[in-house]
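Below is one structure; the comments refer to it alone.
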Amino acid sequence: MKSLPEIFDGFSDARKEGFLKVKELKESGKNVVGIFCTYTPKELIIAADAIAVGLCGTSEDPIPAAEKELPRNLCPLIKSSYGFALTDQCPYTYFSDLLVGETTCDGKKKMYELLGDMKPMHIMQLPQNYNDKESFDMWESEIMKLKERMEEQFGVKITDEKIRAAIRLVNEERKVTKEFYELSLLNPPPLKGLDMQKTLEGIKFKFERTQIIDELKALTKKVKSEYEAGHRPVPEDAPRILVTGCPLGGVADKVIKAVEDSGGVVVCYENCGGVKSNERLVDESKDPYEAIAEKYISIPCSVMSPNDDRMELLSEMVEKYNIDGVVEIILQACHTYNVETIEVKKRVNGKHGLPYLCLETDYSKSDTGQILTRIGAFIEMMG
Ligand code: BJ8
């Protein structure tokens with residue numbers, strides 16, 4: 001049986017191992033849908049009997065190629081994703097039969113227009129207010145348009161039975177993901193934040209949903225039993241950190257590692273891939289399309305205006321996870337998250353009386369030392 005470090009490393013390697021898997025699935029006749037955002041309703045893709053693969057770039061390698069066409073002062077996630085498509089370096093993009101994007105931030109939605117020249121692209125118009133009826137109706141009709149697009153392109157019928165089964169499956173995956181990250185409610189936590197992040201990132205590159213569910217259940221059970229047997233990977237006095245802001249895939253090694261090398265431990269990820277995407281389920285008792293629309297439009301990403309729900313979610317998590325400090329990650333040129341830092345700081349310092357650190361970074365390694373110094377001082381101050 002594999003040890004915990006071996007299991008976490010396995011999740012870390014999932015992106016690379018998935019290359020072969022996606023090729024095999026493609027050769028077996030499966031359609032592949034490339035997605036970029038938490039707003040994409042995965043249930044529809046599953047119900048269309050296709051595979052959803054995440055195409056958000058997390059590497060700096062393709063950025064120079066992207067910068068030949070895109071402005072340099074654009075978010076690294078956008079440049080990296082575009083660079084992979086441009087250079088054909090990413091098998092997931094290469095094997096995608098259809099790309100799905102949403103009109104989220106300005107950079108992403110304009111990049112999708114360019115991607116549409118390389119691959120079949122479907123863009124969902126995302127309303128930017130989750131509180132009004134018109135926005136909801138518009139989003140529900142966008143969900144139906146995606147359904148029709150896939151039915152037409154893939155020659156399939158998404159039946160009521162299939163969509164309901166997909167909803168149950170993805171809900172189950174969300175529940176076991178939540179059970180996994182909620183392990184860090186324990187004090188001291190039974191796993192390091194970097195291992196948690198590796199796992200949350202790794203499951204995006206596993207395509208058999210029932211396998212993801214089984215692996216996560218087994219991992220949660222193993223972490224719990226080792227903890228009960230006395231295994232303590234984190235010291236009791238390690239400051240408990242909540243991480244919020246932009247997606248972390250391209251900067252986790254730099255930032256999370258710095259927090260944990262400095263004596264802290266990340267116990268909660270409010271970002272996409274963590275709490276933001278998994279806390280709320282799709283209501284299985286309702287009309288499936290209405291329920292999907294409700295779940296996805298309620299994601300409190302900074303592209304929404306107003307975005308009070310994000311502040312409420314943050315407060316809830318700060319209290320639930322017994323947080324000692326909040327670190328916010330801003331990818332360079334991400335204006336929506338950057339402007340929201342004002343509200344986040346006010347909330348963390350004012351309502352919760354806790355320290356807050358905001359780090360603006362990109363995918364390069366040039367600021368690794370500077371980030372380590374700033375995080376080191378932040379953690380030391382808490383100690
Ligand atoms: S739901 S966080 S995955 S849009 S690309 S907004 S970092 S400037 S990724 Fe996102 Fe969907 Fe929201 Fe989540 Fe900023 Fe960069 Fe835009 Fe970004």
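Atoms within each ligand, like the ligands themselves, are counted from 1 in listed order.
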Please step through ring-ring contact (aromatic ring centres under 6.0 Å, His included) for the pair Tyr94 and Phe84, ending with a clear verdict.
CA-CA 9 Å; Tyr94 178 82; Phe84 272 128; over 10 Å; no
With heavy atoms of Thr38 as the reference, note each atom of ligand 1 found under 4.0 Å away.
1 (S), 3 (S), 11 (Fe), 13 (Fe)
Please write down residue, atom name and distance for the protein heavy atom closest to atom 13 (Fe) of ligand 1.
Cys272 SG, 2.3 Å
Starting from atom 15 (Fe) of ligand 1, find the nearest protein heavy-atom neighbour and note its residue, name and distance.
Cys75 SG, 2.4 Å
Could you check whether Arg149 pairs with Glu152 (Lys NZ or Arg NE/NH1/NH2 to Asp/Glu carboxylate O, under 4.0 Å)?
no
Do the charged groups of Glu182 and Lys320 touch, with an N to O distance under 4.0 Å?
yes
From the candidates Ile299, Leu126, Ile78, Thr104, the one that places a heavy atom nearest atom 5 (S) of ligand 1
Ile78
Does a salt bridge link Glu201 with Lys204, judged by any charged N lying under 4.0 Å from a carboxylate O?
yes
Lys/Arg-Asp/Glu bridge criterion (N-O < 4.0 Å) met for Arg209, Glu173:
yes
Salt bridge or not for Glu343 and Arg347, using N-O below 4.0 Å?
no
Quick one: nearest non-hydrogen protein atom to atom 2 (S) of ligand 1, plus distance?
Tyr337 OH, 3.4 Å
Can a non-hydrogen atom of Gly107 be found less than 4.0 Å from any atom of ligand 1?
no
Before you tell me yes or no, could you show the steps for Phe11 and Phe205 under ring-ring contact (aromatic ring centres under 6.0 Å, His included), namely the whole-Å CA-CA distance, both residues' side-chain angles and the distance that decides it to 0.1 Å?
CA-CA 9 Å; Phe11 277 102; Phe205 300 101; over 10 Å; no
Using a strict 4.0 Å threshold on nitrogen-to-oxygen distance, state whether Lys254 and Asp367 make a salt bridge.
yes
Need the ligand 1 atom indices (1-based, order shown) with element for anything under 4.0 Å from a heavy-atom of Cys246.
7 (S)
The one among Ala333, Ser277, Cys37 that brings a heavy atom closest to atom 11 (Fe) of ligand 1
Cys37
Taking NZ, NE, NH1 and NH2 as the nitrogens, is one of them in Glu67 or Lys79 under 4.0 Å from a carboxylate oxygen of the other?
yes
Restricting to heavy atoms, the pick from Lys276, Gln332, Lys108, Glu102 nearest atom 10 (Fe) of ligand 1 would be Lys108
May I ask you to check if any N/O/S atom from Cys105 comes under 2.8 Å of atom 16 (Fe) of ligand 1?
yes
Which ligand 1 atoms are under 4.0 Å away from a heavy-atom of Cys301?
1 (S), 2 (S), 4 (S), 12 (Fe)
For Tyr39, the atoms of ligand 1 under 4.0 Å from one of its heavy atoms are 1 (S)
Just to confirm my output: which protein heavy-atom neighbour is closest to atom 14 (Fe) of ligand 1, and how far is it?
Cys334 SG, 2.3 Å
